[in-house]
J.: 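Quick one: the structure is below, questions incoming.
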Amino acid sequence: MPNYWLMKSEPTTYSIFDLEKAPQKTTCWEGVRNYQARNMLRDDIKKGDLVFFYHSNTKPIGIFGTAEVVRGGYPDHFQFDPQSKYHDPKAIQDNPRWYMVDIKHKKTFSQPITLEALKHIPGLENMKVIQKGQRLSVQPVTAKEWDIILKIA
DNA sequence: GCCAACGTTGGC
DNA sequence: GCCAACGTTGGC
């Protein structure tokens, strides 16, 4: 059984439409610089897991589609790249601090499921993304939540 | 653009 | 190891 996740992105930085157009419809999910999210990327997110692609800081906010993890956690090489905005001068080569995964586009919903809509769907009351102050850019999603949302999409 | 939430840093 | 200051996220 795959596990389910939700990943946030600001569409001005990287949108689901960018992912659709990417070579092999695949991209690496770099730049996560939060330890809780890092732990999930490094330890928990495996090849074959499924992901909701969420647009934040935009209009409308919400889940725009799905993607599949095609490569599980591996070191985010941008931490070692002084040119990158994700460079981390404290990161050590043989003990990487930050991790990323590769995801491949699966589906763009015909209509995004907005944050506002998510708040009113029965069964999603405990979903992390609708909780106030929930800032993690990578979040676990339960199988039940996944099913409810896919049925509506 | 504001600001609440909350993670991180660093002085002590 | 506490906690104030500071920075960032992200909804509104």
J.: Starting from the C-alpha separation in whole Å, work towards a yes-or-no answer on side-chain hydrogen bond (donor to acceptor under 3.5 Å, both in side chains) for Y99(A) and N39(A).
T.: CA-CA 8 Å; Y99(A) 283 74; N39(A) 291 346; over 6 Å; no

J.: T58(A) and E10(A): side-chain hydrogen bond (donor to acceptor under 3.5 Å, both in side chains), yes or no, with the steps?
T.: CA-CA 7 Å; T58(A) 182; E10(A) 299 197 15; over 6 Å; no

J.: Less than 6.0 angstrom separating the ring centers of W29(A) and F53(A), yes or no?
T.: yes

J.: Considering heavy-atom distances to DNA chain B, does K90(A) or G133(A) have its closest nucleotide positioned more toward the 5' end?
T.: G133(A)

J.: Measure the NE2-OG distance between H55(A) and S9(A) for me, rounded to the nearest 0.5 Å.
T.: 6.5 Å

J.: Could you tell me whether W98(A) and F78(A) have their ring centroids closer than 6.0 angstrom?
T.: no

J.: With DNA chain B as reference, determine whether K132(A) or R33(A) sits nearer its 5' end, using the nearest nucleotide of each.
T.: K132(A)

J.: Dump the pairs, protein N or O against N or O of nucleotides 3-9 of chain C, anything under 3.5 Å, distances to one decimal.
T.:
from	atom 1	to	atom 2	distance (Å)
dT8(C)	O2	R135(A)	NH1	2.6
dT9(C)	O3'	R135(A)	O	3.4

J.: So K119(A), base contact, sugar-phosphate only, or nothing? Heavy-atom distance under 4.0 Å.
T.: sugar-phosphate

